[in-house]
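Sequential numbering from 1 along the given sequence is applied to the chain's residues.
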Amino acid sequence: MQCTLRLATLAELDAVTAFAIEGMRAELYPGLRLDPVRVRHVVAAIVGGQAAGFQQIAVGDDGQLVGIVAALQVPMLFFERCEAVVVACRAVAPGAGRQLLRALKTWADDSHAIRRVVWPIEFHAPASTVRLAQRLGFTQVAHTCTYEKE
């Protein structure tokens, strides 16, 4: 299947939000509650241009949404410039994820403001996702210790 990359529009906000939420696999995080209203708010800010960052969707030949990548541009806490934090990355068609991540990488490489891209891959991610990230230049892996209150 061939897919086309393009910017999402505000008219597609509900579909893009639902697609992103489906990919979040909330059942893997029993101590956390996914808030669809917050997800929609972030998607709206990125798609509407109120939040600095990057977004692309992949659309199949049939017009169906088959992929999304979105990153927020945030100042680095202790260093100069900014980092892009990937807040959504999901593809359900072969090759769409690779296309989307390449577009993200090109955007980051072309932006003087971006110093690094951080992609917090979920802890149950398929090995193929990690291999794809590594092939595209995501080389640093860091352990993050998290405390969740009951």
Side-chain angles (χ1 to χ4, degrees), residues 2-26 28-29 32-60 65-148:
Q2 291 287 75
C3 60
T4 304
L5 299 189
R6 64 174 174 78
L7 295 174
T9 66
L10 286 174
E12 300 167 309
L13 183 59
D14 290 334
V16 171
T17 300
F19 187 84
I21 288 172
E22 286 174 19
M24 290 181 181
R25 302 185 337 160
L28 297 178
Y29 306 94
L32 300 175
R33 287 183 31 186
L34 183 63
D35 185 345
V37 173
R38 284 184 170 182
V39 175
R40 189 177 195 283
H41 178 75
V42 171
V43 171
I46 294 170
V47 171
Q50 291 83 21
F54 174 83
Q55 61 101 350
Q56 290 276 287
I57 59 172
V59 179
L65 180 60
V66 296
I68 181 176
V69 66
L72 287 173
Q73 178 178 318
V74 296
M76 293 179 75
L77 194 55
F78 300 116
F79 301 97
E80 88 288 348
R81 296 198 271 174
C82 296
E83 63 187 8
V85 178
V86 177
V87 295
C89 187
R90 178 178 184 224
V92 296
R98 185 172 31 257
Q99 281 183 274
L100 289 163
L101 287 172
R102 282 189 179 137
L104 171 67
K105 190 171 181 289
T106 298
W107 167 78
D109 288 344
D110 291 347
S111 173
H112 176 70
I114 302 298
R115 179 67 181 120
R116 81 175 156 201
V117 177
V118 178
W119 181 13
I121 297 176
E122 63 187 20
F123 57 87
H124 291 296
S128 59
T129 301
V130 176
R131 284 192 305 272
L132 173 61
Q134 290 171 334
R135 278 196 310 269
L136 292 173
F138 289 83
T139 56
Q140 241 179 38
V141 176
H143 294 279
T144 303
C145 298
T146 304
Y147 168 73
E148 291 179 21

### Query
Step by step, would you call R90 with V92 a side chain to side chain contact (heavy atoms under 4.5 Å, CB included)?
CA-CA 7 Å; R90 178 178 184 224; V92 296; 3.7 Å; yes

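- The local environment of CZ in R25 is crowded, with over 12 non-hydrogen atoms from other residues, nucleotides or ligands closer than 6.0 Å.
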### Query
Hey, mind stepping through I57 and E12 against side chain to side chain contact (heavy atoms under 4.5 Å, CB included) and telling me if it holds?
CA-CA 10 Å; I57 59 172; E12 300 167 309; 3.8 Å; yes

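- Nearest approach of A91 to G97, heavy atoms of both residues: CB-N, 3.3 Å.
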### Task
Show your reasoning for whether side chain to side chain contact (heavy atoms under 4.5 Å, CB included) applies to I114 and W107.
CA-CA 9 Å; I114 302 298; W107 167 78; 3.8 Å; yes

### Task
For C89 and L100, run side chain to side chain contact (heavy atoms under 4.5 Å, CB included): C-alpha distance rounded to whole Å, both residues' side-chain angles, the deciding distance at 0.1 Å, then the answer.
CA-CA 8 Å; C89 187; L100 289 163; 5.9 Å; no

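- Residue pairs meeting the salt bridge (Lys or Arg N to Asp or Glu O under 4.0 Å) criterion with at least one member in residues 41-57, sequence neighbours excluded, do not occur.
- One finds the CZ atom of R40 at 12.5 Å from the CG atom of D35 (value rounded to the nearest 0.5 Å).
- To the nearest 0.5 Å, atoms CZ (R98) and NZ (K105) are separated by 14.5 Å.
- Between the CD atom in Q140 and the CD atom in Q134 there is a gap of 12.0 Å [rounded to 0.5 Å].
- F19 meets the ring-ring contact (aromatic ring centres under 6.0 Å, His included) test with no other residue; sequence neighbours excluded.
- Nearest heavy-atom pair, Q50 versus A44, reported as atom, atom and distance to 0.1 Å: OE1-O, 3.4 Å.
- The only option from V117, L132, V118, I121 that meets the side-chain contact (heavy atoms from CB on, under 4.5 Å) definition with F138 turns out to be V117.
- Of all heavy-atom pairs between L5 and A103, the closest is CD1-CB, 4.0 Å.
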Ignoring hydrogens and angles, write down the donor-acceptor pairs under 3.5 Å from the side chains of residues 66-86, residues two or more places apart or on other chains.
residue	atom	partner	partner atom	Å
R81	NH1	H112	O	3.1
E83	OE1	R116	NE	2.6
E83	OE1	R116	NH2	2.9

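- Between W119 and the options T129, V87, L104, a side-chain contact (heavy atoms from CB on, under 4.5 Å) holds for only T129.
- The main-chain N or O of L13 is found under 3.5 Å from a side-chain atom of T17 such that the two form a donor-acceptor pair.
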